[in-house]
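Worksheet: one structure, shown below.
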Amino acid sequence: MLQQILEVKKEEITKLDREFEGQPNQKKVSLYEAIANSSRKPALIAEVKKASPSKGVIKEHYVPSEIAASYEQGGAAAISVLTDQRFFRGHAADLVAVKQMVSLPVLRKDFIIDKVQIRESAHIGADAILLIAAAMDPGKLHELYEYAREENLDCLVEVHSVEELEGVLNVFTPKLIGINNRDLRTFKTDVTHTEAIARHIPDGILTVSESGIKTAEDLTFLREHNIDAILVGETLMRASSPGKGIQLLYGE
Ligand SMILES: O=C(O)c1ccccc1NCC(=O)[C@H](O)[C@H](O)COP(=O)(O)O
């Protein structure tokens, strides 16, 4: 699946250059600081997503800015916005709308493999981007990481296996590491996967558990293993309201 998505991205990149030229840069809000300073433990990165390859359409009535405002009111530390069009039915404009609505840091969740996408992310108002270890070799990942830092963007470096994690750590030390609980070959999620990988992450790096987080029990498990943040999409998108979804997850 990932390879299929990356092929589409390579094609999209060829059209990107002109689309954002001349747009203003904006002041960035730190995702890292928002997680580190969150009063909720683990901190919540609440995701705005209409659809996904594994689940199809998740939310028919989809107004990203309204959902993000409810997440902010519900105590999220940051907002993640899926901007991929083809597989997630998102759009860069969704991120623009969210950024205008909230004061929280906004993470651009997309498949970033080229500097031009990083420049675009900075220009549309993202505060942080996702970099997926499975999408490129660690040297290229490091190059994009440094480039994003020059654009004042925080990076969430996503890994799924110990091999990917070690590959990254052999080259550089990211400030934020996301552990994807979803196996992209089978789409199966397993929250305990976070713990199996997190024990290999050195102290001082903030750890984010991503995907398949559904219940207060999942959250208790992650809290017990000192995970710094969770990234939750589908569970909150399917809740009767985003605020209610957050309350249920945190057992409030
Ligand atoms: O969600 C998918 O089906 C998917 C398929 C292929 C690549 C990535 C995919 N998800 C992207 C994400 O990172 C999730 O949206 C995010 O981790 C939130 O997961 P969830 O809480 O399970 O919606």
Side-chain angles (χ1 to χ4, degrees), residues 1-10 12 31 35 42-59 62 64 67-68 71 74 76-91 94-95 98 106-113 117 121 126 128-136 155-161 164 176-194 197-198 207-219 221-222 227-239 242 244-246 248-250:
M1 180 80 237
L2 184 61
Q3 286 315 314
Q4 198 186 332
I5 296 173
L6 296 178
E7 285 309 313
V8 172
K9 285 292 146 190
K10 281 182 202 158
E12 286 177 7
L31 174 63
I35 292 173
L44 174 64
I45 307 173
E47 185 159 277
V48 176
K49 103 171 152 179
K50 180 177 176 66
S52 73
S54 57
K55 300 291 168 65
V57 173
I58 296 168
K59 186 98 176 157
Y62 182 70
I67 300 165
Y71 284 159
I79 310 293
S80 164
V81 183
L82 247 315
T83 55
D84 172 77
Q85 266 181 279
R86 175 83 164 267
F87 298 93
F88 292 85
R89 306 216 193 169
H91 200 279
D94 296 346
L95 190 143
V98 167
V106 178
L107 168 71
R108 183 181 194 187
K109 203 91 191 308
D110 209 313
F111 299 84
I112 291 182
I113 50 172
Q117 295 166 290
S121 303
I129 57 164
L130 181 77
L131 291 175
I132 303 172
M136 67 201 98
C155 297
L156 179 60
V157 174
E158 178 181 295
V159 299
H160 178 67
S161 66
E164 284 173 11
L176 283 166
I177 290 184
I179 299 168
N180 196 351
N181 300 316
R182 178 174 286 111
D183 183 333
L184 293 184
R185 289 161 304 179
T186 60
F187 290 146
K188 201 174 160 296
T189 59
D190 174 6
V191 170
T192 64
H193 186 70
T194 289
I197 309 294
T207 304
V208 181
S209 179
E210 307 170 19
S211 306
I213 299 164
K214 297 188 176 81
T215 63
E217 288 71 33
D218 291 340
L219 201 123
F221 173 82
L222 295 168
I227 299 306
D228 300 291
I230 54 172
L231 194 153
V232 187
E234 187 185 343
T235 300
L236 298 179
M237 296 297 298
R238 290 197 195 278
K244 188 76 194 154
I246 294 173
L248 286 173
L249 208 48
Y250 280 84

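Order of listing sets the numbers, starting from 1, for every ligand and every atom in it. Positions are given from 1, in the same order as the sequence printed here.
- Enumerated by chain and number, the residues approaching ligand 1 to less than 4.0 Å through a heavy atom are Glu47, Lys49, Ser52, Pro53, Ser54, Leu82, Phe88, Lys109, Phe111, Arg182, Leu184, Phe187, Glu210, Ser211, Gly212, Leu231, Val232, Gly233, Glu234.
- In this structure, the ring pair (Phe, Tyr, Trp, His ring centres under 6.0 Å) partners of Phe111, at least two apart in sequence or on a different chain, are Phe88.
- A salt bridge (Lys or Arg N to Asp or Glu O under 4.0 Å) with Glu234 is found for exactly one of Lys214, Lys55, Lys59, namely Lys55.
- Side-chain atoms of Tyr250 come within 3.5 Å of backbone N or O of Pro42 as a donor-acceptor pair.
- No side-chain N or O of Thr83 forms a donor-acceptor pair with one of Asp94 less than 3.5 Å apart.
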Should Asn180 and Ile132 be marked as a side-chain contact (heavy atoms from CB on, under 4.5 Å) after you check the CA-CA gap, both sets of side-chain angles, and the distance that decides it?
-> CA-CA 10 Å; Asn180 196 351; Ile132 303 172; over 6 Å; no
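- The line from CD1 of Ile213 to OG1 of Thr194 is 6.0 Å long, rounded to the nearest 0.5 Å.
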